[in-house]
Amino acid sequence: MQLLDNALRIEVEHGTKAAFPEGFAAFVRAHGLSRATAYRHRERVKREGRWQARSRAPRTRPNATAQPVHDRVIALRKELSPDNGADPIRAALLTEAT
């Protein structure tokens with residue numbers, strides 16, 4: 001992919017003929033790249049100016065623990081020291097909830 005990235009940068013700066021004298025499809029075939037991936041990267045470089053890895057982390061975490069519960073667990077860890085494992089914290093949260 002580094003080779004494709006360099007060629008795409010040349011294409012952005014100097015044009016398609018400078019980067020791919022025999023054509024983009026021939027370049028992709030010669031280097032054994034997936035056409036779909038190569039064209040997707042090409043569009044991204046044209047849009048953003050260069051190719052850069054993006055974060056793969058999810059944008060939302062619908063199953064994440066609510067912030068107030070998270071804060072209370074952290075507080076209980078400090079309060080219940082040294083016995084601050086999962087079982088005592090769960091028991092304390094259940095007692096508070098009732």
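For the single chain, residues carry numbers from 1 onward in sequence order. In this text the structure is predicted, and so the values were computed from the model without any measurement.
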List the steps and the verdict of side-chain contact (heavy atoms from CB on, under 4.5 Å) for Y39 and R35.
-> CA-CA 6 Å; Y39 278 101; R35 283 185 58 198; 4.0 Å; yes
Taking it one step at a time, do E11 and K46 satisfy side-chain contact (heavy atoms from CB on, under 4.5 Å)?
-> CA-CA 9 Å; E11 181 182 32; K46 283 181 181 180; 4.3 Å; yes
Kindly list each side-chain donor-acceptor pair under 3.5 angstrom involving residues 52-67, sequence neighbours excluded, with atom names and distances?
residue : atom : partner : partner atom : Å
Q52     : OE1  : R50     : NH2          : 2.6
R54     : NH2  : E48     : OE2          : 2.2
S55     : OG   : A57     : N            : 3.2
R61     : NH1  : P58     : O            : 3.2
Q67     : NE2  : D71     : OD1          : 2.8

All N/O donor-acceptor pairs, side-chain side in residues 87-98, below 3.5 Å, sequence neighbours left out:
residue : atom : partner : partner atom : Å
T95     : OG1  : A91     : O            : 2.8
E96     : OE1  : R72     : NE           : 3.1
E96     : OE2  : R72     : NE           : 3.0
E96     : OE2  : R72     : NH2          : 2.6
T98     : OG1  : L94     : O            : 3.4
T98     : OG1  : T95     : O            : 3.1

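Environment of NE2 in H70: sparse, with no more than 12 heavy atoms of neighbouring residues, nucleotides or ligands closer than 6.0 Å.
Contact between A7 and A19 at its shortest, heavy atoms only, is O-CB, 3.2 Å. Residues A38 and V28 approach most closely at CB-CG2, 3.6 Å, considering heavy atoms.
Separating the CZ atom in R44 from the CG atom in L8 is a distance of 11.0 Å, to the nearest 0.5 Å.
Between F27 and F24, the ring planes lie parallel to each other; the angle is under 30°, not in the 30° to 60° tilted range.
The cluster map of Ile, Leu, Val, Met, Phe, Trp and Tyr, joined by side-chain heavy atoms under 4.5 Å apart, puts I74 and L80 in different clusters.
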